[in-house]
Asker: 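Just dropping this structure here.
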Amino acid sequence: MENTMEKLVSLCKRRGFMFQSSEIYGGLNGFWDYGPLGVELKRNVKEAWWRDMITMHDELAVPAGAPQTFSMVGIDTSLVMHPQVWKCSGHYDLFHDYMADCRETKKRYRFDHLKGRWASFRDKRVFITTDQSGDDGLAHVQQRGLDHFNLRKNQAEQITWGTGSHGGLPYALAGMTITQPYTPETPLEGLRPITDSDALASVLAPDAKEVGTLTEPREFNLMFKTTIGALAGDEGTAFLRPETAQGMFVNFKNVLDSSRVKFPFGIAQVGKSFRNEITPRNFTFRSREFEQMEMEFFCHPAESPQWYQYWRQRRYNWYLNLGIKSDKLILRDHTQEELAHYSVGTADIEYAFPFCEPGSYGELEGVAHRGDFDLRSHMEGKLRKGPDGLEVELNADGVPKYRGSGKDLTYFDDQTRERFTPHVIEPAAGADRTTLAFLCEAYHEDQQPDEKGEMQTRIVLRLHPRLAPIKVAVFPLIKKQGMPEIAADIYRELKAAGIATAFDQQGAIGRRYRRQDEIGTPYCLTVDGDTLETQTVTIRDRDSLEQRRIKISDVVNEILALLRK
RNA sequence: GCGGGUGUAACUCAGUGGUAGAGUACCACGUUGCCAACGUGGUUGUCGUGGGUUCGAUCCCCAUCACCCGCUCCA
């Protein structure tokens with residue numbers, strides 16, 4: 001639907017779902033506030049997740065598709081954690097991006113994505129770069145060489161290519177170290193990163209015609225820095241967490257020792273995270289402060305593939321059960337190239353947002369098989385991929401670059417007398433993205449006749465009743481004959497039962513229905529003339545617009561039953 | 001970060017070098033009474049923010065912030 005996003009943003013503002021942060025001061029890029037209805041919607045999303053993960057989990061039964069019974073517990077950890085957490089997790093290095101701009105094309109590149117090779121022709125020597133990877137990159141560089149020296153394809157041999165293939169020295173400007181080391185496994189056979197010996201003046205940028213158009217790489221820190229204690233200084237530097245997951249990993253032993261969880265088990269957490277995104281975009285989809293719903297599932301390495309399959313399917317179904325249509329939601333396995341170096345497998349759950357190109361999707365959740373990377377990192381220190389799997393990254397002196405805690409985070413199975421480091425399956429969902437997806441999915445415009453029988457456009461949010469901010473609205477048909485009083489009694493009865501209820505006696509009845517449609521209220525109760533005689537009210541369904549009569553005494557149970565569906 | 005566009009009432013938008021309007025919304029009263037009714041009356045803006053030019057700026061100029069689109073990025 002055209003402009004759906006604009007209409008939705010407008011509706012969110014108008015009816016109090018979401019506002020720009022600090023709006024009266026002109027707003028703040030990448031930050032959003034939830035209004036009175038938005039906070040209810042988002043709470044319901046988080047609550048649905050928490051209920052599914054923790055509250056409703058039956059640890060005595062084997063859920064369909066699961067290998068065996070398991071335990072689930074929740075925690076809530078601090079936003080600021082020991083700085084060493086982020087050094088060992090890899091975020092500290094990885095979230096330092098170095099970017100270089102091309103003065104000619106105005107394009108920006110991640111500096112460590114630029115790879116290239118020296119090319120010489122007669123007395124000219126140029127370091128030709130590409131931002132493409134794999135064989136494409138090599139072909140690109142070769143073609144650029146021909147173009148640059150004005151040669152034909154059959155003259156390709158006249159170019160002399162530099163022999164520096166592997167082991168390019170890290171770029172050393174501004175104390176920068178290449179965060180993903182150039183290892184023999186790197187698929188860019190024959191290409192190497194730009195090193196400080198390649199004077200930038202000799203570098204041909206990937207899309208430039210002239211040589212030497214790249215700026216010095218500049219640092220982008222994707223973690224928010226803060227200071228612990230009143231005095232600023234490096235010793236007090238800490239970071240706002242860029243993910244909630246580390247809270248689970250560092251508390252793995254605490255939970256294990258204190259809660260009598262039965263292995264295997266999951267630890268779940270819902271909470272805020274912060275990433276200093278370069279380009280926040282698309283309403284709340286990519287923001288700098290956001291809320292995550294993450295669960296770390298600890299299991300035996302041998303069973304981890306089954307658990308991975310179980311969780312990716314279960315999480316996908318969660319969205320379907322709450323009303324996302326399957327043709328808008330895909331479960332996409334990461335390609336080998338996309339996989340983080342520690343991950344055995346990762347699948348994204350992605351939704352076709354209105355702002356996505358046809359055929360493309362926006363990520364709601366990643367379900368990752370993380371192996372034993374996280375627990376080992378916090379035992380041994382920051383890990384990286386070596387020839388024989390993960391190994392502790394060492395600095396020039398041969399000691400660990402970032403030391404781990406040294407604490408034993410292995411698990412001992414009493415039954416099998418086996419000690420092992422559990423593997424981790426991580427479903428990590430974005431609460432704000434998910435909330436936005438539910439809103440997008442719910443947004444509908446349809447044609448309904450008005451009082452005179454003329455068709456009018458109706459905006460309706462077809463939210464799942466469990467997610468709707470308001471579950472039921474109570475109206476007196478008119479403001480007399482005792483109707484407001486009866487309606488108020490029903491309203492209070494519903495509120496007392498813990499049901500989010502609205503009361504509205506303002507304006508014509510049709511208008512009141514439409515107001516509720518627009519905010520997604522699934523049911524409306526109307527007290528009318530017959531109520532006084534029959535002790536019944538009408539209940540009207542948001543989507544079908546059908547009405548039926550129910551007894552006032554049954555109202556609460558009826559609504560509860562509908563919400564439980 | 002680059003390029004283009006936008007910024008006026010709660011929302012959608014019009015408008016002018018002489019400090020602003022429409023529709024919707026909202027409120028009150030009356031009438032009506034089951035799907036955006038009608039009548040009457042009413043409320044709301046530092047015209048995104050800060051400078052400059054000018055006798056005077058919402059309008060022109062500069063800067064800045066935010067949003068949208070494209071590129072880049074999306075760890």
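Here the structure is a predicted model, which means the values were calculated and not measured. Naming convention: chains lettered A, B, ... in sequence-line order (proteins, then strands); numbering from 1 in each chain.
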Asker: Suppose you measure atom P in B:C60 against the same atom in B:C47; what distance do you get, rounded to whole Å?
Answerer: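 Between the two P atoms, the distance is 15 Å.
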Asker: Could you please spell out the steps behind the salt bridge (Lys or Arg N to Asp or Glu O under 4.0 Å) verdict for A:E391 and A:R384?
Answerer: CA-CA 6 Å; A:E391 61 185 28; A:R384 69 171 190 187; 3.6 Å; yes
Asker: Can you tell me, in whole Å, how much space there is between the P of B:G39 and that of B:G50?
Answerer: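 My reading of the P atoms in B:G39 and B:G50 gives 41 Å.
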Asker: Looking at B:C67, B:C35, B:C34, which one has an atom nearest to any side-chain atom of A:T526?
Answerer: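 My answer, after comparing the listed nucleotides, is B:C34.
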Asker: Whether A:N29 contacts B:C65 is assessed here as follows: a side-chain N or O lying under 4.0 Å from the phosphate OP1 or OP2. Is that the case?
Answerer: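 It does not, given that no N or O in the side chain of A:N29 lies less than 4.0 Å from OP1 or OP2 of B:C65.
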Asker: How would you label the contact of A:Q20 with the nucleic acid (heavy atoms, under 4.0 Å): base, sugar-phosphate, or nothing?
Answerer: sugar-phosphate
Asker: Starting the side chain at C-beta, find the nucleotide from B:C34, B:A36, B:G70 nearest to A:R281.
Answerer: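 Taking heavy atoms from C-beta onward, the closest nucleotide is B:G70.
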Asker: Want to settle it: does A:I459 or A:P280 sit nearer the 5' end of RNA chain B, counting the closest nucleotide to each?
Answerer: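 Looking at the nearest nucleotide for each, A:I459 comes out on the 5' side.
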Asker: Can you tell me if A:N282 touches the phosphate of B:C69, counting only side-chain N or O atoms and a distance under 4.0 Å to OP1 or OP2?
Answerer: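 Looking at the OP1 and OP2 atoms of B:C69, one of them is under 4.0 Å from a side-chain N or O of A:N282.
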Asker: Locate the shortest heavy-atom distance separating A:T346 from A:A368; write the atom from each residue and the value.
Answerer: OG1-CB, 3.6 Å
Asker: When the P atoms of B:U24 and B:U40 are compared, how many Å lie between them, rounded to an integer?
Answerer: 13 Å
Asker: In whole angstroms, how far is the C1' atom of B:A25 from the CZ atom of A:R15?
Answerer: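 Distance check: A:R15 CZ to B:A25 C1' gives 10 Å.
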Asker: Can you tell me if A:Y523 and A:E558 form a side-chain donor-acceptor pair at under 3.5 Å?
Answerer: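 On atom types as modelled, these side chains do not qualify, holding no pair under 3.5 Å.
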Asker: Considering only side-chain heavy atoms of A:A508, which listed nucleotide, B:C34, B:A37, B:A36, is closest?
Answerer: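 Nucleotide nearest to A:A508's side chain: B:A37.
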Asker: Distance check needed: B:G33 C1' versus A:Q481 CD, whole Å only.
Answerer: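 For the pair A:Q481 CD and B:G33 C1', the rounded distance is 10 Å.
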Asker: Let me know the distance between CD of A:Q505 and C1' of B:C27, rounded to the nearest Å.
Answerer: 14 Å
Asker: Choose from B:G33, B:C11, B:C34 the nucleotide whose nearest atom is closest to any side-chain atom of A:R14.
Answerer: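 Taking heavy atoms from C-beta onward, the closest nucleotide is B:C11.
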Asker: Classify A:F475 by what it touches in the nucleic acid, base, sugar-phosphate, or nothing, heavy-atom distance under 4.0 Å.
Answerer: nothing
Asker: How close or far is atom P of B:A25 from atom CG of A:D504, stated in whole angstroms?
Answerer: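 Checked: the CG to P distance equals 14 Å.
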Asker: Check whether A:Y513 forms a cation-pi arrangement with A:R540 (NZ or CZ under 6.0 Å from the six-membered ring centre, at most 45° off the ring normal).
Answerer: yes
Asker: Could you give the CZ-to-C1' distance, from A:R514 to B:C26, as a whole number of Å?
Answerer: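 Going from CZ in A:R514 over to C1' in B:C26 covers 19 Å.
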Asker: Which nucleotide in the list B:A36, B:C35, B:C67 gets nearest to the side chain of A:L545?
Answerer: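 For A:L545, the side-chain atoms sit closest to B:C35.
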Asker: Can you check whether A:S10 has a side-chain N or O nearer than 4.0 Å to OP1 or OP2 of B:U12?
Answerer: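 Yes, A:S10 has a side-chain N/O under 4.0 Å of OP1/OP2 on B:U12.
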Asker: Which whole number of Å gives the distance between the P atom of B:G1 and that of B:A57?
Answerer: 32 Å
Asker: When the distance from CG of A:D541 to C1' of B:C35 is rounded to whole Å, what number comes out?
Answerer: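 In whole Å, B:C35 C1' and A:D541 CG are 13 Å from each other.
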Asker: Which whole-number value in Å describes the distance from A:E23 CD to B:A10 C1'?
Answerer: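 Between C1' of B:A10 and CD of A:E23: 10 Å.
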Asker: May I ask you to evaluate whether A:R511 reaches the phosphate of B:A25, defined as a side-chain N or O under 4.0 Å from OP1 or OP2?
Answerer: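 Yes, such a contact exists.
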Asker: In whole angstrom, give me the gap between the C1' atoms of B:U53 and B:G15.
Answerer: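 Pairwise C1' distance, B:U53 against B:G15, rounds to 23 Å.
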Asker: Side chains of residues 24-41 of chain A: which donor-acceptor partners sit under 3.5 Å, not counting sequence neighbours?
Answerer:
from: A:W32; atom 1: NE1; to: A:F283; atom 2: O; distance (Å): 3.1
from: A:Y34; atom 1: OH; to: A:D432; atom 2: OD1; distance (Å): 2.6

Asker: How does RNA chain B look in dot-bracket notation if pairs are Watson-Crick or G-U with both distances under 3.5 Å, crossing ones as [ ], other-strand ones as |?
Answerer: (((((((..((((....[..)))).(((((.......))))).....(((((..]....))))))))))))....
Asker: Start with the C-alpha distance between A:R542 and A:D517, add both sets of side-chain angles, then the distance that settles salt bridge (Lys or Arg N to Asp or Glu O under 4.0 Å), and finish with yes or no.
Answerer: CA-CA 6 Å; A:R542 174 194 69 202; A:D517 290 341; over 6 Å; no
Asker: When the P atoms of B:U43 and B:C34 are compared, how many Å lie between them, rounded to an integer?
Answerer: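 Taking atom P in both B:C34 and B:U43, they lie 33 Å apart.
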Asker: May I ask you to verify if any side-chain N or O of A:R515 is less than 4.0 angstrom from the OP1 or OP2 atom of B:C26?
Answerer: yes
Asker: Give a yes or no on whether a donor-acceptor pair under 3.5 Å exists between the nucleobase atoms of B:C34, that is its base, and the side chain of A:Y513.
Answerer: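 Check passes, donor-acceptor contact within cut-off.
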Asker: Provide, to the nearest angstrom, the distance between the CD atom belonging to A:Q547 and the C1' atom belonging to B:C35.
Answerer: 8 Å
Asker: Which value, in whole Å, describes the distance between the C1' atoms of nucleotides B:A66 and B:G21?
Answerer: 25 Å
Asker: Taking atom types as modelled and ignoring hydrogens, do the side chains of A:Y402 and A:D93 form a donor-acceptor contact shorter than 3.5 angstrom?
Answerer: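 Yes, because at least one side-chain N or O of A:Y402 sits under 3.5 Å from a partner of the opposite role on A:D93.
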Asker: Taking B:A37 as the reference, what is the distance to B:C27 when you measure between their P atoms (whole Å, please)?
Answerer: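 Nearest-Å result for B:C27 against B:A37 at atom P: 14 Å.
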Asker: By nearest atom, which of the nucleotides B:C34, B:G1, B:A36 is closest to the A:T279 side chain?
Answerer: B:G1
Asker: How is A:D528 classified with respect to the nucleic acid when contacts are heavy atoms under 4.0 Å: base, sugar-phosphate, or nothing?
Answerer: base
Asker: Just call it for A:E357: base, sugar-phosphate, or nothing, with non-hydrogen atoms closer than 4.0 Å on any strand.
Answerer: sugar-phosphate
